[in-house]
Student: 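Could you have a look at this structure, given as structure tokens, before my questions?
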Amino acid sequence: LSAQEWTRRGVSLGFTPRVRTFTACDNAMYMLDSDGKLYTSADGADWSDTGAVWQNIVGGYGDQVLGLRNADSGMMLTSWPEVKEYRMPEGFPVDEYTNMYRYQSEWMSQPVGIIAGGVDAHGNVSSRVWGYDGLQWAMLSEDAMPALRGATLIPYFSYLSGKYVWKYNKYSTLMAMGGIDADGGFNRDIYLSYNNGVSWTKGSEFMRMPEFIPGLWCLDNVVVSVPKTSNLDQYWREMPKAGLPVWYRAAGVEIDGDKVTWYCPYIYLFGGMDASGRLYDTVWRGVINRLSFMPII
């Protein structure tokens with residue numbers, strides 16, 4: 001995506017894939033076949049059987065892929081290629097949970113991976129958020145957001161006003177959108193978390209999926225910083241400079257004479273299914289509108 005180019009390659013898998021289980025880790029890709037066999041590939045073209053048989057893949061965590069395995073004693077949470085497993089806790093989702101979001105801060109020795117929603121072993125649509133710290137899973141919140149299946153998590157940011165109404169601060173924000181609620185209806189609201197999934201608030205009426213986008217569930221997303229350029233001589237008249245040092249310029253902005261370049265973080269939504277299970281072939285792109293304007297330098 002950074003080069004805005006795609007290359008089509010023919011792949012002969014030799015097995016029937018469950019495409020929704022496709023997961024990329026740091027050094028390999030993984031996918032289950034229709035019988036639950038776990039396959040791996042380094043390049044996406046050549047795939048080999050790991051010998052493991054799983055119920056589902058949860059997500060990638062560094063060089064490990066995390067999943068669920070049926071055992072005589074019940075459902076197990078497991079990993080590959082380093083096999084660490086233990087009994088799945090009650091209420092953990094077994095299908096239709098979000099993509100796994102991973103983050104790390106200076107106060108952590110290991111990253112934390114997060115999933116939300118999904119359907120549990122009893123067929124109940126879940127509102128729980130679960131986190132993985134490299135050793136085990138733990139529930140981070142319950143009922144802080146509506147019960148949804150097939151939603152997607154998007155790591156982004158937002159602006160909140162500070163002490164002065166004219167001053168807004170930038171905060172890391174996790175967004176949850178799409179999916180189907182417990183009543184079977186498409187979710188058109190967007191939910192925001194400023195603390196990595198522990199608590200959630202519903203976005204305002206201006207932060208909803210627009211009506212022209214069809215209801216989506218089990219969709220994927222990627223955030224890409226797209227370079228945008230503008231020219232100062234189109235909008236500004238040059239006046240004598242006050243001699244401010246260069247570090248007063250807005251962060252992330254490149255200036256070359258009259259040419260200004262900044263990077264606009266677009267959200268791309270792709271895939272997803274309609275109510276009948278038909279796969280969409282449309283890619284949607286959106287961004288906070290103010291970020292598409294040339295910044296004040």
Side-chain angles (χ1 to χ4, degrees), residues 1 6-89 91-102 110-123 126 130-137 149-153 217-222 270-273 277-281:
L1 275 172
W6 291 90
T7 300
R8 183 187 294 269
R9 295 182 61 183
V11 178
S12 179
L13 295 175
F15 60 91
T16 302
R18 285 172 53 188
V19 178
R20 284 296 310 165
T21 66
F22 177 87
T23 299
C25 295
D26 286 355
N27 55 7
M29 291 166 275
Y30 295 89
M31 186 163 48
L32 299 181
D33 75 357
S34 56
D35 296 321
K37 295 179 180 179
L38 179 65
Y39 284 80
T40 185
S41 173
D43 58 6
D46 299 315
W47 292 80
S48 59
D49 187 353
T50 66
V53 179
W54 286 4
Q55 175 75 13
N56 215 339
I57 290 178
V58 178
Y61 183 88
D63 60 358
Q64 302 291 307
V65 61
L66 309 178
L68 296 156
R69 182 180 72 85
N70 271 320
D72 294 338
S73 57
M75 192 76 73
M76 307 292 290
L77 289 167
T78 187
S79 61
W80 183 270
E82 181 183 353
V83 179
K84 296 185 294 185
E85 59 183 31
Y86 59 95
R87 184 73 176 269
M88 182 186 75
F92 194 89
V94 297
D95 202 6
E96 297 178 358
Y97 32 77
T98 65
N99 53 303
M100 187 165 141
Y101 159 66
R102 191 175 67 178
Q110 297 290 333
V112 172
I114 292 175
I115 61 170
V119 179
D120 66 19
H122 306 292
S126 176
W130 295 84
Y132 180 77
D133 64 356
L135 296 175
Q136 61 183 358
W137 287 92
R149 57 190 181 99
T152 189
L153 293 180
W217 67 300
C218 290
L219 68 160
D220 295 292
N221 77 84
V222 64
F270 56 96
M273 295 178 287
R278 181 180 65 88
L279 181 67
Y280 284 115
D281 58 1

Student: Between Thr23 and Met100, is a side-chain contact (heavy atoms from CB on, under 4.5 Å) present by the stated rule, with each step listed?
Tutor: CA-CA 10 Å; Thr23 299; Met100 187 165 141; over 6 Å; no
Student: Is there a side-chain contact between Leu68 and Phe92, using heavy atoms and a 4.5 Å cut-off?
Tutor: yes
Student: Closer than 3.5 angstrom, by distance alone: can the side chain of Thr50 be matched with the main-chain N or O of Leu38 as a donor-acceptor pair?
Tutor: yes
Student: Output yes when a side-chain donor or acceptor of Thr98 lies under 3.5 Å from a complementary backbone atom of Ala116, and no otherwise.
Tutor: yes
Student: Check whether Arg87 reaches the backbone of Ser73 with its side chain - one donor and one acceptor, N or O, closer than 3.5 Å.
Tutor: yes
Student: Could you tell me which non-hydrogen atom of Gly60 sits nearest to which non-hydrogen atom of Cys25, and how far apart they are?
Tutor: CA-SG, 3.7 Å
Student: What's the shortest heavy-atom distance between Met273 and Leu279, and which atoms?
Tutor: CG-CA, 4.1 Å
Student: Keeping Lys84 on the side-chain end and Gly134 on the backbone end, is there a donor-acceptor pair under 3.5 Å?
Tutor: yes
Student: With side-chain contact (heavy atoms from CB on, under 4.5 Å) as the criterion, how do Phe15 and Asp35 come out once you've worked through the C-alpha distance, each side chain's angles and the decisive distance to 0.1 Å?
Tutor: CA-CA 9 Å; Phe15 60 91; Asp35 296 321; over 6 Å; no
Student: Search all heavy atoms of Cys218 against all heavy atoms of Glu96 and return the closest pair with its distance.
Tutor: SG-CG, 4.5 Å
Student: Got a donor-acceptor contact below 3.5 angstrom from the Asn99 side chain to the Thr152 backbone?
Tutor: no
Student: State, yes or no, whether a side-chain contact exists between Gln55 and Asn70 at a heavy-atom distance under 4.5 Å.
Tutor: yes
Student: For the pair Asp46 (side chain) and Ser41 (backbone), establish whether a donor and an acceptor sit closer than 3.5 Å, ignoring hydrogens and angles.
Tutor: no
Student: Check whether any side-chain heavy atom of Asn56 sits under 4.5 Å from a side-chain heavy atom of Val94, and report yes or no.
Tutor: no
Student: Going from OG1 on Thr16 to NZ on Lys37, what distance comes out if it is rounded to the nearest 0.5 angstrom?
Tutor: 11.0 Å
Student: For Trp137 and Gly113, which heavy atoms make the closest approach, and how far apart are they?
Tutor: CZ3-O, 4.1 Å
Student: State the CE-CH2 distance between Met76 and Trp54, to the nearest 0.5 angstrom.
Tutor: 12.5 Å
Student: Is a side-chain donor or acceptor of Ser79 paired with a backbone partner of Gln64 at a separation under 3.5 angstrom?
Tutor: no
Student: Would you check if the side chain of Tyr61 reaches a backbone N or O of Pro111 as a donor-acceptor pair within less than 3.5 Å?
Tutor: yes
Student: What is the minimum heavy-atom distance between Gly91 and Ser126, and which atoms define it?
Tutor: O-OG, 4.5 Å
Student: Asp33 versus Trp47: any side-chain heavy-atom pair under 4.5 Å?
Tutor: no
Student: Between Trp130 and Tyr97, is there a side-chain heavy-atom distance shorter than 4.5 Å?
Tutor: no
Student: Is any side-chain heavy atom of Asp220 closer than 4.5 Å to a side-chain heavy atom of Arg20?
Tutor: yes
Student: Which heavy atom of Asp43 sits nearest a heavy atom of Arg9, and at what distance?
Tutor: O-NH1, 4.1 Å
Student: Is there side-chain contact between Leu219 and Tyr280, with heavy atoms separated by less than 4.5 Å?
Tutor: no
Student: Quick one, Leu135 and Gln110 - any side-chain contact, counting heavy atoms below 4.5 Å?
Tutor: no
Student: Judged by atom type as modelled, is there a donor-acceptor pair below 3.5 Å linking the side chain of Asp95 to the main-chain atoms of Val119?
Tutor: no
